[in-house]
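Read the structure below first, then the notes.
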Amino acid sequence: MNPLNHVAIIMDGNGRWGLKNENSRNAGHKAGLKTVEKIIKESIKNNVKFLTLFAFSTENWKRPKKEISFLFNLLEDFLKNKIDDLNKQNIKLKIIGIKNFSTRLNKLLNISEKKTSKNTKIQINLALNYGSKSELVNAFKNLIKNNDKINEKNLSKHLQTKNIPDPDILIRTGDKKRLSNFLLWQLAYSEIFFEKKLWPDFNENDYNKIIKKFRSIKRNFGKI
Ligand code: FPP
């Protein structure tokens with residue numbers, strides 16, 4: 001049975017769910033946050049040690065201003081209301097991506113990371129303003145600047161995911177089969193599951209089915 005340390009998720013389909021059910025894309029984001037909470041709980045039950053959630057890509061800035069501010073307000077309220085609870089549950093929060101939001105949100109993100117930094121039950125990596133290509137370019141720049149030898153191990157040390165094992169599983173909901181500039185280096189050997197359901201409809205049962213399937217896969221890592 002395969003050990004499961006790290007699950008990464010592209011939470012796609014909020015907008016379509018919102019339009020279909022409540023005639024508003026933002027309603028889909030609100031419903032998507034409920035799924036986030038469910039999947040965190042279920043990850044803990046499955047003893048997953050790292051859960052990486054793609055919440056906002058560098059490309060998402062191209063969305064209408066109103067949708068962007070809705071998403072960040074949702075995140076802000078979530079952290080204000082839930083960070084103490086996450087902390088009590090021994091959950092560590094880490095942001096991957098470039099924190100160049102409002103001073104208020106940057107401060108809240110830093111406080112949330114600091115408060116939970118010693119926790120050990122599970123690490124939630126929230127990918128915010130994250131883009132894999134620019135992460136790689138920056139990593140190469142830093143390698144060169146530090147005069148480090150260019151090899152896989154050294155490059156990994158300059159990624160935002162340093163000290164985080166590569167994902168065992170990538171799940172993308174929302175019936176699209178693409179990686180959308182997410183963890184391109186780190187996903188080299190991950191098992192990929194494309195799920196038809198939109199993120200707000202994805203549930204514990206769907207998640208457990210994927211985990212069960214993953215456990216039974218023979219992972220070769222290039223061997224036979
Ligand atoms: C992709 O769906 C989803 C996002 C860009 C945002 C993800 C945000 C959440 C799940 C809720 C907020 C999370 C936190 C942690 C506060 P889409 O809008 O691209 O869907 P579409 O493909 O149907 O348009």
Side-chain angles (χ1 to χ4, degrees), residues 7-44 48 50-87 89 91-99 101-102 104-113 115-116 122-132 170-183 193-204 206-207:
V7 178
I9 309 184
I10 301 176
M11 311 180 286
D12 195 20
N14 287 350
R16 278 168 283 161
W17 188 96
L19 286 176
K20 195 175 86 189
N21 290 284
E22 296 189 37
N23 207 20
S24 131
R25 289 182 52 84
N26 288 345
H29 294 310
K30 207 169 152 196
L33 185 54
K34 294 215 173 84
T35 308
V36 168
E37 296 191 72
K38 278 188 214 164
I39 296 306
I40 292 176
K41 278 203 187 102
E42 207 57 27
S43 299
I44 293 174
V48 170
F50 298 88
L51 175 67
T52 302
L53 301 171
F54 203 7
F56 196 84
S57 74
T58 44
E59 290 75 27
N60 287 150
W61 293 110
K62 294 175 195 151
R63 294 189 177 204
K65 270 209 175 88
K66 257 177 117 175
E67 181 168 337
I68 296 174
S69 60
F70 184 88
L71 270 170
F72 288 124
N73 285 335
L74 197 63
L75 173 64
E76 209 173 309
D77 287 348
F78 174 74
L79 290 177
K80 277 189 198 147
N81 296 325
K82 297 285 165 93
I83 197 65
D84 286 335
D85 185 40
L86 297 180
N87 193 26
Q89 292 183 64
I91 295 172
K92 174 173 173 175
L93 181 74
K94 182 177 163 56
I95 307 303
I96 62 168
I98 311 294
K99 274 184 255 163
F101 312 108
S102 66
R104 202 177 60 201
L105 181 56
N106 284 341
K107 211 169 143 189
L108 183 61
L109 292 170
N110 288 335
I111 290 171
S112 304
E113 284 186 292
K115 201 176 232 177
T116 61
I122 188 172
Q123 176 169 327
I124 311 291
N125 304 308
L126 200 56
L128 283 176
N129 192 23
Y130 173 85
S132 186
L170 169 76
I171 301 169
R172 180 182 186 127
T173 59
D175 204 19
K176 297 273 187 297
K177 295 188 174 71
R178 52 182 176 240
L179 294 180
S180 300
N181 201 13
F182 186 49
L183 303 175
F193 295 84
F194 293 110
E195 163 70 47
K196 281 203 165 63
K197 279 191 182 179
L198 305 174
W199 177 247
D201 287 330
F202 188 70
N203 61 35
E204 294 91 338
D206 304 315
Y207 189 39

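Just so you know, these numbers come straight off a predicted model, no measurement behind them. Ligands are counted one by one from 1 in listed order, and the atoms in each one are counted from 1 as well. Residue numbers start at 1 and run along the sequence shown.
With contacts defined as side-chain heavy-atom distances shorter than 4.5 Å, the pair Val7/Thr52 does not qualify. Proximity of Ile124 to Leu86: side-chain heavy atoms (C-beta onward) are nowhere separated by under 4.5 Å. At least one side-chain heavy atom of Leu53 sits less than 4.5 Å from a side-chain heavy atom of Val36. Using a 4.5 Å heavy-atom threshold, the side chains of Leu126 and Leu75 count as touching.
Closest to atom 11 (C) of ligand 1, if we only count protein heavy atoms, is His29 O, 3.5 Å. Of the protein's non-hydrogen atoms, the one nearest atom 21 (P) of ligand 1 is Arg16 NE, 3.6 Å. The protein atom (non-hydrogen) at minimum distance from atom 1 (C) of ligand 1 is Met11 O, 3.2 Å. At the top of the distance list for atom 9 (C) of ligand 1, counting protein heavy atoms only, stands Asn14 ND2, 3.4 Å. The shortest contact between atom 24 (O) of ligand 1 and any protein heavy atom is with Arg25 NH1, 2.9 Å. Taking atom 6 (C) of ligand 1 as the reference point, the nearest protein heavy-atom neighbour is Ala55 O, 3.2 Å. Of the protein's non-hydrogen atoms, the one nearest atom 14 (C) of ligand 1 is Leu33 CD1, 3.6 Å. The nearest heavy-atom contact from the protein to atom 15 (C) of ligand 1 is Leu126 CD1, 3.9 Å.
Residue Asn60 touches ligand 1 through its side chain alone, judged by heavy-atom distances below 4.0 Å. The proximity of Trp17 to ligand 1, defined as any non-hydrogen pair under 4.0 Å, does not occur for either the backbone or the side chain. At a 4.0 Å heavy-atom cut-off, ligand 1 touches Arg63 through the side chain alone. No part of Lys176 comes within 4.0 Å of ligand 1, judged by heavy-atom distances.
Residue Lys30 qualifies as open at atom NZ: its count of foreign heavy atoms under 6.0 Å is 12 or below.
At least one heavy atom of Gly13 sits less than 4.0 Å from an atom of ligand 1. Trp199 counts as a contact of ligand 1, since one of its heavy atoms falls under 4.0 Å from the ligand. Under a 4.0 angstrom heavy-atom cut-off, Lys30 registers as lying outside contact with ligand 1.
Between Phe72 and Phe101, the ring center distance clears the sub-6.0 Å criterion.
The closest side-chain donor-acceptor pair between Asn110 and Lys99 falls under 3.5 angstrom. Side-chain contact, Asn125 with Gln123: a donor N or O sits under 3.5 Å from an acceptor N or O.
Using bins of under 30°, 30° to 60° and over 60° for the plane-to-plane angle, the ring pair His29/Phe70 lands in the tilted bin.
Those atoms of ligand 1 that come under 4.0 Å of a heavy atom in Asp12, given as number and element, are 1 (C), 2 (O), 17 (P), 19 (O), 20 (O), 21 (P), 22 (O). Of all the atoms in ligand 1, the ones that sit under 4.0 Å from a non-hydrogen atom of Leu75 are 16 (C).
By the 3.5 Å distance cut-off applied to N or O atoms, Gly32 is not counted among the residues near ligand 1. In terms of N/O distances under 3.5 Å, ligand 1 is approached by Gly15.
With salt bridges taken as basic N to acidic carboxylate O contacts below 4.0 Å, one links Arg104 and Glu76. Lys41 and Glu204 are not joined by a salt bridge, as no carboxylate oxygen comes within less than 4.0 angstrom of a charged side-chain nitrogen.
Applying the salt bridge (Lys or Arg N to Asp or Glu O under 4.0 Å) test to residues at least two apart or on different chains, the pairs with a partner in residues 8-29 are Asp12-Arg16, Asp12-Arg172, Arg25-Glu67.
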